[in-house]
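When a ligand or atom number is given, it counts from 1 through the structure's own listing order. All values reported here derive from a predicted model rather than from experimental measurement. Start at 1 with the first residue, then count along the sequence. Excluded from the calculations below are hydrogen atoms, water molecules and symmetry mates; all remaining heavy atoms, backbone and side chain alike, are included.
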Amino acid sequence: MPEFQTSPGMRDILPPESARWRRFVHVFADVAERAGYGQVISPLLEDLGVFQRLGAATDVVTKEMYDFVDKGGRHIALRPELTASVCRAFVQHRPATPWKVWYTGSQFRYEKPQRGRYRQFDQVGIEVLGATDPYLDVEVIALGWEFYRALGLQQVDLLLNSLGEPDDRARYVAALDAHFRANLDALSPESQVTLDKNPLRVLDSKRGQDAPIVAAAPRIADFYSDEAGAHFEAVQAGLTALGIPFTIDAKLVRGLDYYRYTTFEYQGGTLDSAQNALGGGGRYDGLIESLGGPATPGVGFALGLDRTLLACDDEGVFAAPSTAVDVFVVDTTGGLEALRITAELREAGLSSDRAFDNRSMKSQMKAADRSGAAYAVIIGTDELDAGTVVVRPLRADYDPATGAGGQQAINRNDLLPHLQKVLS
Ligand code: HAM
């Protein structure tokens, strides 16, 4: 066992998996940019206060934050999510609205690590600030849906809820609080603690003891104002118009405190129920004001990259892209020719690799096979003297019967056009 290993909940992402990560972000960027979203790149660290505005009843803030005092005496934290940073950036830079942005990057939460739950994990996401239109909620939800389709994922369920406007939510929370307090003794000790912090979160309880009390709890739909009811209706009508299937889940409150109106979650069909949220989001009001900006509505989502890739593995889709090079150069004359040829090929846009340390022909050919290259270019002293190189196909997909694509010696000067032709 080496002395140092990654700390719990942190991982090294090695090739070729890292190439898959990059492609994941690339596919997401493509979906978002086609809908007019621009990328925002936020710092990993923010003033602790930025995240405290996410709400005092949020575990992410109270229990899971990586925070410390820096050398300048500032109390800062590693970001646990990006919505707060985007809102802080909005208040700082005051861009024109609606401001449509997408993002990607690592988040940090001190959670108990397990499959699909890490202390450093990656998200992709979008936020739109400055519009209340319910069809914007639909656009946002539909972009997440489209992204899963682009990955090839089939088993994704969309859960939808509305928490009403701030006033509705407040009245609902009061009613829930009264209901749970009337049944306090029957609630699990854990839920009794949760109740003191946020009665909504008690709805999240998966404990059998709580189930009957949760089932009998007041329902949010009975607390909607006319406006909130109409907003929710319009969101559902928009999703239906786009042919996006959804299930209304009145208990979907989500883990962050800032949600109002629409909330939603994409759940993966293959994952354990404790970690089956592939992504989620909703509308939030009040966050911009609490960060010192003008009253501005927001809506967005974040999708967990790590977890979504686990779901892709389960469904056998979105495999790691090949990192194989086009050409591997085998040079037994000392290595200078390999240096020249790889440089020439790379400059012309072909990917190429080579062996080092003047290994034997056999060892270099092994390395060529391992590289996954389509062709080996072989130079020994005979070829060097004759001004030629040997080009040998390494993959099985050439036809040995006709010799098409078989090994051949060609003039050194013809190498680049020859490879360009056979690789095209
Ligand atoms: P969230 O539900 O906390 O929302 O996180 C979104 C997604 O990030 C989750 O559905 C999950 O896939 C992934 N995730 C969260 N924690 C972990 C973890 N410890 N390990 C692996 N994956 C994880 C937010 O972060 C909000 N900012 C979403 C949002 C944007 N709401 C409005 N705009």
Quiz item: If you measure from each non-hydrogen atom of Arg109 to ligand 1, which part falls under 4.0 Å: side chain, backbone, both or neither?
Solution: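 Looking at Arg109 and ligand 1, just side chain atoms fall under 4.0 Å.
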Self-check item: Side chain, backbone, both or neither: the part of Phe264 lying under 4.0 Å from ligand 1 by heavy atom
Solution: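 Answer for Phe264: neither.
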Quiz item: Could you go step by step and tell me if Lys366 and Asp369 meet the salt bridge (charged side-chain N to carboxylate O under 4.0 Å, His left out) rule?
Solution: CA-CA 5 Å; Lys366 253 197 203 149; Asp369 275 330; over 6 Å; no
Practice problem: May I ask you to check whether over 12 heavy atoms, not counting those of Arg74, lie within 6.0 Å of atom CZ? | Solution: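 It does not: Arg74 CZ has 12 such atoms or fewer within range.
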Self-check item: Gln5 atom CD: more than 12 heavy-atom contacts under 6.0 Å
Solution: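 For Gln5, atom CD is crowded (more than 12 foreign heavy atoms under 6.0 Å).
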What is the closest protein heavy atom to [atom], and at what distance does it sit?
{"atom": "atom 13 (C) of ligand 1", "answer": "Gly304 CA, 3.6 Å"}
{"atom": "atom 2 (O) of ligand 1", "answer": "Arg254 NH2, 2.8 Å"}
{"atom": "atom 24 (C) of ligand 1", "answer": "Leu256 CD1, 3.6 Å"}

Practice problem: May I ask you to decide if Arg207's main-chain N or O and Ser205's side chain share a donor-acceptor pair within less than 3.5 Å? | Solution: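 Between the backbone of Arg207 and the side chain of Ser205 there is a qualifying donor-acceptor contact (under 3.5 Å).
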Which of the atoms in ligand 1, numbered in the order shown and given with their element, are less than 4.0 Å from a heavy-atom of [X]?
{"X": "Tyr103", "value": "30 (C)"}
{"X": "Ala277", "value": "9 (C), 10 (O), 11 (C), 12 (O)"}
{"X": "Glu111", "value": "16 (N), 17 (C), 18 (C), 19 (N)"}
{"X": "Arg117", "value": "19 (N), 20 (N)"}
{"X": "Tyr284", "value": "32 (C), 33 (N)"}
{"X": "Glu127", "value": "30 (C), 32 (C), 33 (N)"}

Polar atom proximity, [X] to ligand 1 (N or O, under 3.5 Å):
{"X": "Asp306", "value": "no"}
{"X": "Ala302", "value": "no"}
{"X": "Leu278", "value": "yes"}
{"X": "Tyr258", "value": "yes"}

Quiz item: Roughly how far apart are Leu345 CG and Asp326 CG, rounded to 0.5 Å?
Solution: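 Separation between the atoms: 8.5 Å.
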Quiz item: Does the ring center of Phe328 lie less than 6.0 Å from the ring center of Tyr375?
Solution: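 No: the rings miss the under 6.0 Å criterion.
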Practice problem: Would you check if the distance from the ring center of Phe264 to the ring center of Tyr266 is below 6.0 Å? | Solution: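 Ring-ring flag for Phe264/Tyr266: true, centres closer than 6.0 Å.
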Mark the output for [X] as yes if a heavy-atom distance to ligand 1 is under 4.0 Å, and as no if none is.
{"X": "Ala84", "result": "no"}
{"X": "Gly125", "result": "no"}
{"X": "Tyr259", "result": "yes"}

Exercise. Measure from NZ or CZ of Arg23 to the centre of the six-membered ring of Trp21, then state whether that distance is under 6.0 Å and the direction lies within 45° of the axis.
Key: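 No cation-pi geometry.
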Quiz item: Looking at Phe51, does the NZ or CZ of Arg79 lie under 6.0 angstrom from its six-membered ring centre and within 45 degrees of the ring axis?
Solution: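 Arg79 over Phe51 ring: no.
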Exercise. Look at the rings of Phe28 and Phe147 and say which category their plane angle falls in: under 30° parallel, 30 to 60° tilted, over 60° perpendicular.
Key: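 Ring orientation of Phe28 relative to Phe147: perpendicular.
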Quiz item: Relative to the ring of His231, is the ring of Tyr261 parallel (under 30°), tilted (30 to 60°) or perpendicular (over 60°)?
Solution: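 If you compare the ring of Tyr261 with that of His231, the planes turn out tilted.
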Quiz item: When you look at Arg119 and Glu111, which way does the salt bridge (charged side-chain N to carboxylate O under 4.0 Å, His left out) test go after all the steps?
Solution: CA-CA 6 Å; Arg119 290 183 177 167; Glu111 297 201 77; over 6 Å; no
Quiz prompt | Winner among Gln123, Gln107, Arg115 once heavy atoms are compared against atom 8 (O) of ligand 1 | solution =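 It is Gln123 that holds the nearest heavy atom.
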Practice problem: Between Phe301, Phe121, Tyr266, flag the one that comes closest to atom 16 (N) of ligand 1 by a heavy atom. | Solution: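 Shortest heavy-atom distance from atom 16 (N) of ligand 1: Phe121.
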